[in-house]
Amino acid sequence: KKLYAFVSILGYSRMRFTSFVLSMDIVTVLRSLKQAFAYFGGIPRECLFDRMKTVVLKGTWNEVVFHPRFLDFAHYYGFRPRACKPYRPQTKGKVEKSVHYVRNNFFYGKEWTDLADINHEARIWCDRINGKVHSETNEIPHLRLQKENLMLLPIKDYDASYIESRIVSRDCRIRLWGNKYSVSHEAAGKAVTVKITEQNNVEVYDKDLLVSQHELCLEKKKTLVDPVHQEALLKVVYKCDELISDHKKYLIVIV
C-alpha cells in the first residue's frame with residue numbers, strides 16, 4: 001500500500017512531529033492533528049495548512065472554503081486555520097524542509113514490519129531530533145517549546161470517527177468497505193448511521209440507539225454476524241420462544 005507522511009512543525013520552537021498513514025482523507029488528517037497536539041502538549045493559536053483537497057474544498061488567492069468537518073475540528077480546539085497562498089511555496093518553507101528531512105534522514109538503513117512499527121520508530125526519531133540544536137535557532141526545540149505559549153488541550157478529545165449512512169437490508173445486514181455486518185432485526189429496512197471509531201470498532205446507530213457493534217474487519221468479502229442478532233432474528237421469523245435446533249435447513253424470508 002502507498003504510505004503517506006504527516007509532517008508538522010511549530011513556528012517558534014521548531015518542534016517537529018511526524019507520523020505515517022495509509023490515507024489522506026479528512027478523518028486521517030484530523031486524527032493526525034490530534035496526535036500532533038498531544039505530542040506538543042498544547043494547541044497553536046494559528047495553524048497554516050497546505051491546500052490539500054481534504055482541508056480546502058475550493059479557493060482563490062484571498063478566499064478559501066474549508067471542509068466543514070475541519071472547521072468544526074478547528075472550532076473545537078480553538079485555533080485559527082489558514083491556507084497557504086497558491087504557487088508560493090515559501091509560505092510553508094519550514095514544513096517543506098521538514099518533509100525533505102524526513103525523506104533523507106529517517107528512512108535510510110531501516111526496515112519495518114507494519115504501520116505500528118514504523119510509527120513507533122517515527123516517535124523515537126522525533127524525540128531525538130527535537131533534542132538536538134536546531135540549525136536556524138541555535139537552540140534545542142524541546143527546550144524552546146516552553147516559550148511557545150500553546151493553548152491547553154481540552155479535557156475531552158474531539159471524536160474523529162468515520163461517519164457514514166447506510167440502509168439496513170431485509171436480512172439485517174449493512175455493507176461497509178467490502179464486508180457485511182449484522183444489525184438488530186428492529187432496524188431492518190431503516191436508514192442508520194455507521195460510525196468507525198478510532199479504536200477500529202464499527203458502531204451502528206438507529207437515531208441515538210446503538211443497534212450493533214463489531215470490530216472492524218480489514219479483510220474483504222466477509223460477513224460478521226453477532227450470535228445475539230441471529231438468535232433474535234430467528235425467534236421473530238419462527239414466532240416462537242425457543243429456536244428450532246436444526247434451523248439451518250430452513251429458508252428464511254423476511255417481508
Side-chain angles (χ1 to χ4, degrees), residues 1-8 17-43 54-55 67-79 112-127 152-168 172-184 186-187 190-230 232:
K1 294 185 177 180
K2 185 179 290 187
L3 193 66
Y4 301 94
F6 173 88
V7 180
S8 58
F17 174 79
T18 299
S19 63
F20 296 91
V21 295
L22 300 178
S23 172
M24 294 193 299
D25 61 28
I26 183 62
V27 172
T28 302
V29 171
L30 299 186
R31 292 179 179 182
S32 299
L33 282 170
K34 286 177 57 177
Q35 293 174 359
F37 294 160
Y39 181 77
F40 296 143
I43 308 162
T54 49
V55 172
H67 192 291
R69 192 163 186 195
F70 172 75
L71 285 179
D72 182 63
F73 177 88
H75 176 74
Y76 185 88
Y77 282 102
F79 67 84
W112 301 278
T113 57
D114 54 25
L115 189 63
D117 185 31
I118 191 173
N119 277 318
H120 175 72
E121 291 296 325
R123 185 63 58 89
I124 295 174
W125 181 78
C126 286
D127 291 342
L152 296 176
L153 293 166
I155 297 176
K156 185 178 179 180
D157 284 343
Y158 182 87
D159 184 6
S161 299
Y162 285 92
I163 300 177
E164 301 182 9
S165 297
R166 289 290 186 274
I167 300 295
V168 181
C172 304
R173 305 282 192 271
I174 60 165
R175 291 181 177 271
L176 182 69
W177 295 4
N179 295 311
K180 294 182 180 180
Y181 297 86
S182 69
V183 180
S184 171
E186 297 174 344
K190 294 183 179 180
V192 294
T193 300
V194 181
K195 178 186 290 187
I196 304 174
T197 69
E198 296 183 62
Q199 293 74 36
N200 282 334
N201 291 324
V202 177
E203 298 178 352
V204 183
Y205 291 87
D206 179 6
K207 296 181 180 179
D208 294 329
L209 179 65
L210 179 65
V211 294
S212 177
Q213 187 172 16
H214 297 270
E215 184 177 347
L216 180 66
C217 179
L218 300 180
E219 300 179 48
K220 299 293 183 182
K221 298 182 179 180
K222 301 291 183 181
T223 300
L224 289 83
V225 178
D226 187 331
V228 175
H229 296 158
Q230 188 73 4

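Just the heavy atoms: all of them, side chains too, but no hydrogens, waters or symmetry mates, feed the values below.
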Please report the C-alpha distance between Val202 and Leu224 in whole Å, then the side-chain angles of each, then the deciding distance to 0.1 Å, and finally whether the side-chain contact (heavy atoms from CB on, under 4.5 Å) criterion is met. CA-CA 11 Å; Val202 177; Leu224 289 83; over 6 Å; no
Of all heavy-atom pairs between [X] and [Y], which one has the smallest distance, and what is that distance?
{"X": "Ser182", "Y": "His229", "answer": "OG-ND1, 2.9 Å"}
{"X": "Met24", "Y": "Thr54", "answer": "O-CG2, 2.7 Å"}
{"X": "Ala160", "Y": "Lys34", "answer": "CB-CD, 4.2 Å"}
{"X": "Ile167", "Y": "Ile174", "answer": "O-CG2, 4.4 Å"}
{"X": "Arg175", "Y": "Lys180", "answer": "NH2-CE, 3.2 Å"}
{"X": "Phe6", "Y": "Ala36", "answer": "CE2-CB, 4.1 Å"}

Residues that Tyr162 engages under side-chain hydrogen bond (donor to acceptor under 3.5 Å, both in side chains), provided they are two or more places apart: Asp25, Thr28
Aromatic ring pairing Phe17/Tyr39, orientation class (parallel under 30°, perpendicular over 60°, tilted between): tilted
Parallel, tilted or perpendicular: rings of Phe73 and Phe70 (30°, 60°):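 Parallel, since the angle between the ring planes stays under 30°.
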State the [atom1]-[atom2] distance between [X] and [Y], to the nearest 0.5 angstrom.
{"X": "Thr18", "Y": "Trp125", "atom1": "OG1", "atom2": "CH2", "value": "5.0 Å"}
{"X": "Phe79", "Y": "Ile43", "atom1": "CZ", "atom2": "CD1", "value": "8.0 Å"}
{"X": "Asn119", "Y": "Ile124", "atom1": "CG", "atom2": "CD1", "value": "11.5 Å"}
{"X": "Gln199", "Y": "Ser161", "atom1": "CD", "atom2": "OG", "value": "7.5 Å"}
{"X": "Ile196", "Y": "Asn201", "atom1": "CD1", "atom2": "CG", "value": "10.5 Å"}
{"X": "Tyr205", "Y": "Lys195", "atom1": "OH", "atom2": "NZ", "value": "4.5 Å"}

Residue pair [X] / [Y], side-chain heavy-atom distance below 4.5 Å:
{"X": "Arg166", "Y": "Val204", "value": "no"}
{"X": "Tyr158", "Y": "Leu30", "value": "yes"}
{"X": "Ile163", "Y": "Val194", "value": "no"}

I'd like to know whether Val168 forms a side-chain contact (heavy atoms from CB on, under 4.5 Å) with Tyr181, so could you lay out the CA-CA distance, the side-chain angles of the two residues, the decisive distance to 0.1 Å, and finally the verdict. CA-CA 10 Å; Val168 181; Tyr181 297 86; over 6 Å; no
Might you confirm whether atom CG of Leu152 has over 12 heavy atoms from other residues, nucleotides or ligands at distances under 6.0 Å? no
Flag if over 12 foreign heavy atoms under 6.0 Å of CD, Glu215: no
List in chain and number order the residues that pass salt bridge (charged side-chain N to carboxylate O under 4.0 Å, His left out) with Glu186, two or more places apart in sequence or in another chain; answer none if no residue qualifies. none
Could you tell me whether a side-chain N or O of [X] sits under 3.5 Å from a main-chain N or O of [Y], the two making a donor and an acceptor?
{"X": "Tyr76", "Y": "Asp159", "answer": "no"}
{"X": "Asp206", "Y": "Val192", "answer": "no"}
{"X": "Asp117", "Y": "Thr113", "answer": "yes"}
{"X": "His214", "Y": "Asp226", "answer": "no"}
{"X": "Ser184", "Y": "Val211", "answer": "no"}

Using side-chain contact (heavy atoms from CB on, under 4.5 Å), reason through Glu198 and Val27 one step at a time and then give a plain yes or no. CA-CA 10 Å; Glu198 296 183 62; Val27 172; over 6 Å; no
Expected list for residues 216-223: side-chain donor-acceptor pairs under 3.5 angstrom, two or more places apart:
{"unit_1": "Lys220", "atom_1": "NZ", "unit_2": "Trp177", "atom_2": "O", "d": "3.1"}

